[in-house]
Engineer: 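I'd like to ask you about the structure that follows.
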Amino acid sequence: MNLENLIKENVVKAISELYEGTVAESAVQVQKTRKEFEGDVTVVVFPFLRTSRKSPEMTGEDLGKYLVERVDVVSDFNVVKGFLNLVINEAHWIGVLNDANANPEYGYTKVTEESPLAMIEYSSPNTNKPLHLGHIRNNLLGFSISEILKANGYKVVKTNIVNDRGIHICKSMVAWQKWGEGATPESTGKKGDHLVGDFYVKFDKEYKKEIAELMEQGMSKEEAEAEAPSIKDAREMLRKWEAKDPEVYELWRNMNQWVYDGFDVTYKKMGVDFDKIYYESDTYLVGKDEVMKGLDQGLFVKHEDGSVWADLESEGLDQKILLRSDGTSVYMTQDIGTAKLRFNDYSIDKMVYVVGNEQNYHFQVLSILLDKLGFKWGKDLYHFSYGMVELPQGKMKSREGTVVDADDLMQEMIDVARTTSQELGKLEGYTEEQAEATFEKIALGALKYFILKVDPRKNMLFNPEESIDFNGNTGPFIQYTYARIQSVLRKAKDAGIEVPEAAPVVTPSAKEIELLKNISRFPVAIADAGKDYSPAIIANYCYELVKEFNQFYHGHAMLKEENEEVRAFRLVLANCVGKVVENGMKLLGILVPERM
RNA sequence: GGUCCUGUAGCUCAGCUGGAUAGAGCAACAGCCUUCUAAGCUGUGGGUCCCAGGUUCGAGUCCUGGCAGGAUCACCA
């Protein structure tokens, strides 16, 4: 049993024995003792005064005496105002260390056959342009939350719904046909997603020009926007696509394939992956069917013009369109179709959608609709809603060219990592491949940590200069601590000093106990992160742990410690911190280097 | 206008279901490498926790009302 529950349980017992009263275990507050007081954990006694009918001080004294007497691990106590500070004995902390070391998956909950299945949808790109910084936040959050749910004992299926059809891709196709001159990724040496993105931009430029010309000829803005030749071509292209025109279909297949090949490179660099990919071109018709079925069941209504609507006014929402008057599907229809396919493919207990907060309303509606249509997870689907990424100069706008491209950003960070690392000259003896792999770990560690350490719900500011900083509360600082530990362990091995499986019982210093307390909090951090869907909790935990370790490192010799037991204890401790850091960072999708 | 989210140091962010004197990093300044990796450590300065009420032993945290910023309310996705 963990310490907190043990104490809670005994406080409840104490109150019933001392005062013949009852309090719920949940009413017992156990927290870390603040630095300025003596003790390890603190019980707040205020909630018990009504039962004890004594002053806070006396109640604290009563409980303290009881706990010291009855609970092995409690060795001493003191009472300050209404706070009962308990001193926990060394054996307990060393026990924490040995438990953590004995279990290679310390802090993780095992996944079994009976574990619930969570499906996480993330990434979900359009296929008309390359990934940018906004997608990076999405992908990192999606991947990390998948790892965190796994660590909390879920079977996890990572999924991606690729937005591969629609007017947006037709725009790129039209532009390619008109101005592409047969360009391919091979002929231009350009990454496929960037090539297709260039044509999307080209389309927009020409379209704008046409609008301006038409307006000069006296058209209104709305008219010009509808009548410009380019947009008409794109619409025509979409019609042909829906009619499965062979030529259009082949072009569509080709251009999408270029994009997928490009995305694969980006995903790989980013270190994210998927177990199952769905394509909108496969799901939109399924969605239509579901809506028609719902219509038959009387869940939806058909208007005179033929459009189909869901009336959600009884839920406090509006009317929502599900099929246009021409029978084509909208965004919501596709999401219903995708849900249907997933429902058939997996036995889903928890569905998580990692999608930006601009779609909060969409998911509120989707949840209700899926529930009406009989998906058991519809009602409590989780929209993992995250905030936007802003730049120091404001929002990113693709049309104004202020987007930060994902590939460029990662490459830039790798370049900076290389330069910094070479200046510090710590990778001597590494082959070029080993060194490059390390630069990449550091660069991506910096980027991922920078993004994941902030609360996902909040909009975040991405300052390129700060993100590339490797000092302070950063990914590389945490990686550095890991590398430091590995360096010591390597040297121990070289010197023939053994790191034992179990730590000998020594009297730890205050700083060592602080470290052990931090180690004991790892399982709690994982549980909290799972409950709140928050990689930030893991990031902050890792930071606190390594900060504590670095303080320990400066004040405590390991290899040079003469007392063999103390030396062994410290090596076990360092080894354990390294392991926890590695496993913690893994939950963020961040790799740790052996040297840096 | 309706709904939802956010507001903490100059800047970027923590602060667990309400608990003791609100914490980090960056930036500034001052120290620490002949000693296990200085991408580190130590110290100094820096706050009306947006404002006003309320709930109670106790509020950055909960409630109400403001203020400011953002999102959304399409036969766009």
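Per chain, numbering begins at 1; letters A, B, ... match sequence-line order.
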Engineer: Describe, in one word, how the ring planes of A:Phe462 and A:Phe450 are oriented to each other, choosing from parallel (under 30°), tilted (30 to 60°) and perpendicular (over 60°).
Structural biologist: perpendicular

Engineer: Which listed nucleotide (B:A20, B:G19, B:U42) is nearest to the side chain of A:Gln551?
Structural biologist: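 For the A:Gln551 side chain, the nearest candidate turns out to be B:U42.
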
Engineer: Roughly, in whole Å, what's the span from CD in A:Glu465 to P in B:C11?
Structural biologist: 17 Å

Engineer: For A:Pro476 and A:Pro456, take the nucleotide of RNA chain B holding the closest heavy atom to each; which residue's nucleotide lies nearer the 5' end?
Structural biologist: A:Pro456

Engineer: For B:C41, what is the paired nucleotide under Watson-Crick or G-U wobble rules, both distances under 3.5 Å?
Structural biologist: B:G31

Engineer: What's the closest nucleotide to the A:Ala483 side chain, out of B:U37, B:G70, B:U72?
Structural biologist: B:U37

Engineer: Just wondering, do A:Phe83 and B:A20 stack (centres under 5.5 Å, planes under 30°)?
Structural biologist: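 Yes, A:Phe83 stacks on the base of B:A20, since the ring centres sit under 5.5 Å apart and the planes are within 30°.
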
Engineer: Provide the Watson-Crick or G-U wobble partner of B:G18, both distances under 3.5 Å; none if there is no partner.
Structural biologist: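 Here B:G18 is not engaged in any pair, so there is no nucleotide opposite it.
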
Engineer: Quick one: which of B:G40, B:A71, B:G19 gets closest to the side chain of A:Lys395?
Structural biologist: B:A71

Engineer: If you find the nucleotide of RNA chain B closest to A:Tyr543 and the one closest to A:Met460, which residue's nucleotide is nearer the 5' end?
Structural biologist: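 That would be A:Met460.
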
Engineer: For A:Pro523, enumerate each residue passing the side-chain contact (heavy atoms from CB on, under 4.5 Å) test, keeping only those at least two apart in sequence or located in another chain.
Structural biologist: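 Here the qualifying residues are A:Tyr106.
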
Engineer: Rounded to whole angstrom, note down the P distance from B:G10 over to B:G54.
Structural biologist: 29 Å

Engineer: Output yes when at least one side-chain N/O atom of A:Lys547 is less than 4.0 Å from OP1 or OP2 of B:G25, else no.
Structural biologist: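 Checking A:Lys547 against B:G25: at least one side-chain N or O falls below 4.0 Å of OP1 or OP2.
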
Engineer: Determine the interatomic distance between P on B:G66 and the same-named atom on B:G2; round to the nearest Å.
Structural biologist: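 After rounding to an integer number of Å, I get 9 Å for this pair.
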
Engineer: Could you pull out all residues at least two apart from A:Ala417 that satisfy side-chain contact (heavy atoms from CB on, under 4.5 Å)?
Structural biologist: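 side-chain contact (heavy atoms from CB on, under 4.5 Å) list for A:Ala417, sorted by chain: A:Phe439, A:Ile442, A:Ala443, A:Phe470.
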
Engineer: Please write out the pairs of protein N or O atoms and N or O atoms of nucleotides 5-8 of chain B separated by less than 3.5 Å, giving the distance to one decimal.
Structural biologist:
| unit_1 | atom_1 | unit_2 | atom_2 | d |
| --- | --- | --- | --- | --- |
| B:U6 | OP1 | A:Arg457 | NH1 | 3.2 |
| B:G7 | OP1 | A:Lys458 | NZ | 3.3 |

Engineer: By side-chain hydrogen bond (donor to acceptor under 3.5 Å, both in side chains), which residues pair with A:Tyr122, not counting sequence neighbours?
Structural biologist: none

Engineer: Under 3.5 Å, which protein N or O atoms sit close to an N or O of nucleotides 26-35 of chain B? Give each pair with its distance.
Structural biologist:
| unit_1 | atom_1 | unit_2 | atom_2 | d |
| --- | --- | --- | --- | --- |
| B:U35 | O2' | A:Lys560 | NZ | 2.5 |

Engineer: A:Tyr386 ring centre to A:Arg137 NZ or CZ under 6.0 Å, with the angle to the axis within 45°?
Structural biologist: no

Engineer: Taking atom C1' in both B:C73 and B:G18, what distance in whole Å separates the two?
Structural biologist: 35 Å

Engineer: Specify the separation, in whole Å, of atom CG of A:Asn85 and atom P of B:G19.
Structural biologist: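 Taking atom P of B:G19 as the reference, CG of A:Asn85 is at 16 Å.
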
Engineer: If you look only at pairs with a residue in residues 520-532 of chain A, which of them pass as a side chain to side chain donor-acceptor pair (under 3.5 Å), with sequence neighbours excluded?
Structural biologist: A:Asn518-A:Arg521, A:Arg521-A:Glu544

Engineer: OP1, OP2 of B:G23 versus side-chain N and O of A:Lys35: anything below 4.0 Å?
Structural biologist: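 Negative; the distance criterion is not met.
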
Engineer: According to ring pair (Phe, Tyr, Trp, His ring centres under 6.0 Å), does anything in residues 527-546 of chain A pair up with another residue at least two apart or in another chain? List the pairs.
Structural biologist: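 As it turns out, the ring pair (Phe, Tyr, Trp, His ring centres under 6.0 Å) pairs with a partner in residues 527-546 of chain A, which skip direct neighbours, are A:Tyr382-A:Tyr533, A:Phe477-A:Tyr543, A:Phe522-A:Tyr541.
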
Engineer: Taking atom C1' in both B:C57 and B:C13, compute the distance separating them and give it to the nearest angstrom.
Structural biologist: 33 Å

Engineer: When you get a sec, tell me which of B:U37, B:C13, B:A24 is the closest nucleotide to the side chain of A:Leu461?
Structural biologist: B:C13

Engineer: Quick one: ring pair (Phe, Tyr, Trp, His ring centres under 6.0 Å) pairs with a partner in residues 303-327 of chain A, sequence neighbours left out?
Structural biologist: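 Those involving residues 303-327 of chain A are A:His303-A:Trp309.
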
Engineer: Checking A:Thr127 against A:Asn256: is there a side-chain donor and acceptor pair closer than 3.5 Å?
Structural biologist: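 Yes.
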
Engineer: Any donor-acceptor pair under 3.5 Å linking the side-chain atoms of A:Glu242 with those of A:Tyr284?
Structural biologist: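 Looking only at side-chain atoms, A:Glu242 and A:Tyr284 do not form any donor-acceptor pair under 3.5 Å.
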
Engineer: Using atom P in both nucleotides, what's the gap between B:A30 and B:G69 to the nearest angstrom?
Structural biologist: 40 Å

Engineer: Could you measure between the two P atoms, the one in B:U42 and the one in B:C4, and give it in whole Å?
Structural biologist: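 B:U42 and B:C4 have their P atoms separated by 45 Å.
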
Engineer: Could you tell me how far apart A:Lys453 (NZ) and B:U12 (P) are, to the nearest whole angstrom?
Structural biologist: 12 Å

Engineer: Among B:C36, B:A20, B:C73, which nucleotide has an atom closest to any side-chain atom of A:Tyr553?
Structural biologist: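 That would be B:C36.
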
Engineer: Can you tell me if the side-chain N/O atoms of A:Arg490 get under 4.0 Å from OP1 or OP2 in B:C36?
Structural biologist: no

Engineer: State the pairing partner of B:G1; accept Watson-Crick or G-U wobble contacts with both distances under 3.5 Å, and report none otherwise.
Structural biologist: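 B:C73 - that is the nucleotide pairing with B:G1, both distances being under 3.5 Å.
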
Engineer: Do A:Lys511 and A:Glu514 pass the salt bridge (Lys or Arg N to Asp or Glu O under 4.0 Å) test, and can you show the C-alpha distance, the side-chain angles, and the key distance before you say yes or no?
Structural biologist: CA-CA 5 Å; A:Lys511 187 50 75 181; A:Glu514 281 308 310; over 6 Å; no

Engineer: To the nearest 0.5 Å, what is the distance between CG on A:Leu86 and CG on A:Asn78?
Structural biologist: 8.5 Å

Engineer: May I ask which nucleotide in the shown strands pairs with B:U55, Watson-Crick or G-U wobble, both distances under 3.5 Å?
Structural biologist: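 Paired with B:U55, as far as the under-3.5 Å criterion goes, is no nucleotide at all.
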
Engineer: May I have the distance from A:Glu315 (atom CD) to B:C73 (atom C1'), rounded to whole angstrom?
Structural biologist: 17 Å

Engineer: State which of B:G19, B:A20, B:U72 makes the closest approach to the side chain of A:Phe46.
Structural biologist: B:G19

Engineer: Can you tell me the base-pairing partner of B:A68? Count Watson-Crick or G-U wobble geometry only, both distances below 3.5 Å, and say none if there is no partner.
Structural biologist: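 Looking at the geometry, B:A68 pairs with B:U6.
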
Engineer: Rounding to a whole Å, what distance do you find between A:Asp455:CG and B:C16:C1'?
Structural biologist: 13 Å

Engineer: Using atom C1' of each nucleotide, how far apart are B:A9 and B:G23 to the nearest Å?
Structural biologist: 11 Å

Engineer: To the nearest Å, give me how far apart CD (A:Glu544) and C1' (B:G25) are.
Structural biologist: 12 Å

Engineer: Would B:C73 be called syn or anti here, given the cut-off of 90° from 0?
Structural biologist: anti

Engineer: I want to verify a distance call: between B:C36, B:A24, B:G70, whose nearest atom is closest to the A:Ser487 side chain?
Structural biologist: B:C36

Engineer: How would you list, by chain and number, every residue that makes a side-chain contact (heavy atoms from CB on, under 4.5 Å) with A:Asp494, sequence neighbours excluded?
Structural biologist: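 Not a single residue meets the side-chain contact (heavy atoms from CB on, under 4.5 Å) criterion with A:Asp494.
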
Engineer: Going by salt bridge (charged side-chain N to carboxylate O under 4.0 Å, His left out), name the pairs with one or both residues in residues 46-58 of chain A, residues two or more places apart or in two chains.
Structural biologist: A:Lys54-A:Asp62

Engineer: Among the nucleotides B:A77, B:G40, B:A24, which one has an atom lying closest to any side-chain atom of A:Asn550?
Structural biologist: B:G40

Engineer: Any residue in residues 24-31 of chain A with a heavy atom nearer than 4.0 angstrom to RNA chain B? Just list them by number, or reply none.
Structural biologist: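 Contacts with RNA chain B under 4.0 Å: A:Gln29, A:Gln31.
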
Engineer: Which pairs, with at least one residue in residues 434-450 of chain A and sequence neighbours excluded, count as a salt bridge (charged side-chain N to carboxylate O under 4.0 Å, His left out)?
Structural biologist: A:Lys269-A:Glu440, A:Arg418-A:Glu436

Engineer: What interatomic distance, in whole Å, is found between C1' of B:C26 and the corresponding atom of B:C63?
Structural biologist: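 The same atom, C1', in both gives a distance of 37 Å.
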
Engineer: Taking the side chain of A:Arg34 as its heavy atoms from C-beta onward, which of B:G19, B:C41, B:G23 lies nearest to it?
Structural biologist: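 Nearest to the side-chain atoms of A:Arg34, counting from C-beta on, is B:G23.
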
